Amino acid sequence: MDASDLSLLPPDIAEASRSFEEQLAACNSLDALLRLKGTFTGREHSHAARLMEALKAAPKEQKKDLGALANQLKQAWEAGIKARQDGLEAARRRAAELAAKMDPDLPPPMPMRGALHPLQRLQDRLVDIFASLGFHVEEGPEIETEAHNFDGLNIPGDHPARGSSDTFYLEQHPELLLRTHTSPVQVRVLRRLAPELDARGGIRFVAPGRVYRKDDIDPTHSPMFHQVEGMLVGKGIGMHHLKGTLEYAMRALFGPDTRIRLRPSYFPFVEPGAELDVSCPLCAGKGCRVCKGSGWVELLGAGLIHPNVLRYAGIDPETWSGFAFGLGVERTAMMVSQTPDLRLFFENDQRFIRQMGGLD
Ligand code: DAH
């Protein structure tokens, strides 16, 4: 139908006819469509009814054309409304079918719940165990000075760990580095608390955190890993205190039948220095793949605080003594969970984390 046809119509009906398609498309419910139907093709007062009246009143010579046009328009409106009605009814049926299929007894979809990472949980457990012995928590920065990371710990200037092949130094600030262990927290805490030491009567703390070494990543190495450092300062502290404390902690961690042994070892910041083995938590010391048949697994480094470390912090080693230890969190987690590849802890594959009990 072209515009010249519409010019025969009363202007308001011509206008309504032009916007019919648009109004039809806007009808998103059967109710709206019924209202539109009434307006266009209803028995009374509709555009179609008024067209019939206009037709009757029209001069004779126009009746033929106007009659044809009126019929054409009415049919187009009826067909459009019918098609839209079919569409809306079909949509209503589909929705009703879907609703009938829904099982209201099923639980609603739940968002995934987050959980602490297995390494974090092990670290928290270690901290809790020492907290129960009165150790408080200390933290130090991951960017450290050479003085805290090495000098204050009696590590000599020519020690291989100080080399740029083992340690990440900051390019713009060569005196700064990414700490290679949590032991520099010892230096910070000792220096900070030295003036109050008499009043406090001693110091006990644990320091968990990230450490960095220039190692290529492989199943047992990572350039970033976690340690928990521990330290106690008091009067007349000896190896027996260290041994009793660590035995208590290892039994809390691995179970009451756990045994420990100390083997002599060397760390510049302790004298004597030792390595602590625990009876293999997987085979209870009988010998298995994890302990390589020996019944023991090596867990941490420890010893009595070297007098130079106390002196550096301004503490008199004639009056005060103490012990220190440092444990690798990943190493311990791998051993306990028999995880053969350290990288699994950092890849965040949820299947692995769930296996570790991390997402339950
Ligand atoms: N800092 C040592 C390391 O990273 C671990 C260590 C050994 C810490 C002996 C100590 C200690 O406090 O007494 O290998």
Side-chain angles (χ1 to χ4, degrees), residues 123 126-127 130 133 135 137-142 144 146-156 159-163 166-168 177-191 203-215 220-234 237-246 249-250 260-278 297-310 312-313 315 317 320-332 334-335 342:
Q123 189 176 291
L126 283 160
V127 168
F130 284 98
L133 293 172
F135 287 61
V137 177
E138 290 280 354
E139 280 182 308
E142 290 170 27
E144 260 299 5
E146 273 199 280
H148 287 129
N149 197 80
F150 296 126
D151 300 332
L153 290 165
N154 195 39
I155 298 174
H159 194 280
R162 298 183 76 135
D166 287 3
T167 300
F168 291 107
L177 46 82
L178 296 183
R179 66 178 180 189
T180 59
H181 49 181
T182 42
S183 304
V185 183
Q186 294 185 13
V187 183
R188 289 178 172 273
V189 175
L190 290 180
R191 291 182 67 147
I203 299 171
R204 291 174 267 193
F205 72 87
V206 278
R210 275 189 202 116
V211 302
Y212 302 85
R213 290 187 196 170
K214 259 195 184 170
D215 281 324
T220 53
H221 293 88
S222 161
M224 187 283 295
F225 57 101
H226 298 79
Q227 290 186 334
V228 174
E229 191 82 12
M231 182 171 243
L232 180 142
V233 177
I237 301 299
M239 286 301 273
H240 51 311
H241 296 108
L242 171 66
K243 196 171 175 190
T245 304
L246 292 180
M250 294 304 118
I260 66 163
R261 71 179 185 190
L262 289 167
R263 279 179 296 106
S265 185
Y266 174 74
F267 302 96
F269 32 95
V270 281
E271 176 61 31
E275 228 137 355
L276 175 114
D277 297 341
V278 293
V297 285
E298 183 190 315
L299 208 65
L300 55 81
L304 295 186
I305 307 171
H306 196 287
N308 285 349
V309 173
L310 292 171
Y312 186 92
I315 295 170
W320 298 98
S321 55
F323 64 72
F325 58 88
L327 163 150
V329 180
E330 282 80 358
R331 248 183 82 80
T332 309
M334 283 173 77
M335 195 187 70
L342 170 65

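Computed from heavy atoms alone, side chains included, the values below leave out hydrogens, waters and symmetry copies. Both counts, for ligands and for their atoms, begin at 1 and track the order of listing. Residues: numbered from 1 along the sequence shown. This structure is a prediction, so every number in the text was calculated from the model and none was measured.
Looking at every heavy atom in both residues, A324 comes nearest to L242 through O-CD1, 4.3 Å.
Annotation: T180 places no N or O atom under 3.5 Å from an N or O atom of ligand 1; distance criterion only.
V189 places none of its side-chain heavy atoms less than 4.5 Å from the side chain of M231. The shortest distance between side-chain heavy atoms of V233 and I237 does not fall below 4.5 Å. In this structure the side chain of T245 reaches within 4.5 angstrom of the side chain of F323, judged on heavy atoms. Residues T332 and V228 form no side-chain contact, since every pair of their non-hydrogen atoms from C-beta on lies 4.5 Å or further apart.
Which parts of ligand 1 touch G303 is read off a 4.0 Å heavy-atom cut-off, strictly below it: atoms 13 (O). In summary, the atoms of ligand 1 found under 4.0 Å from a heavy atom of Q186, numbered by their order in the structure, are 12 (O). Atoms of ligand 1 found under 4.0 Å from any heavy atom of S183 (numbered from 1 in listed order, with element): 1 (N), 8 (C). Below 4.0 Å from some heavy atom of V270 lie the following atoms of ligand 1, by number and element: 13 (O). Remark: ligand 1 atoms within the under-4.0 Å shell around heavy atoms of F267 are 7 (C), 9 (C).
Heavy atoms from other residues, nucleotides or ligands lying under 6.0 Å from CD of E142 number more than 12.
Tested against L300, the residues Q227, E275, M250 include a single side-chain contact (heavy atoms from CB on, under 4.5 Å) partner, M250.
Heavy atoms of Q227 found under 4.0 angstrom from ligand 1 belong exclusively to the side chain.
E229 OE2, 2.6 Å is the protein heavy atom nearest to atom 12 (O) of ligand 1. Closest to atom 3 (C) of ligand 1 among all protein heavy atoms lies R213 NH2, 3.7 Å. The shortest contact between atom 11 (C) of ligand 1 and any protein heavy atom is with F269 CE1, 3.5 Å.
How far CG of N154 is from CZ of F269: 9.5 Å, rounded to the nearest 0.5 Å.
The residue from G326, A324, A302 that puts a heavy atom closest to atom 8 (C) of ligand 1 is G326.
Within the structure, the closest approach of M231 to ligand 1 does not fall below 4.0 Å when heavy atoms are considered.
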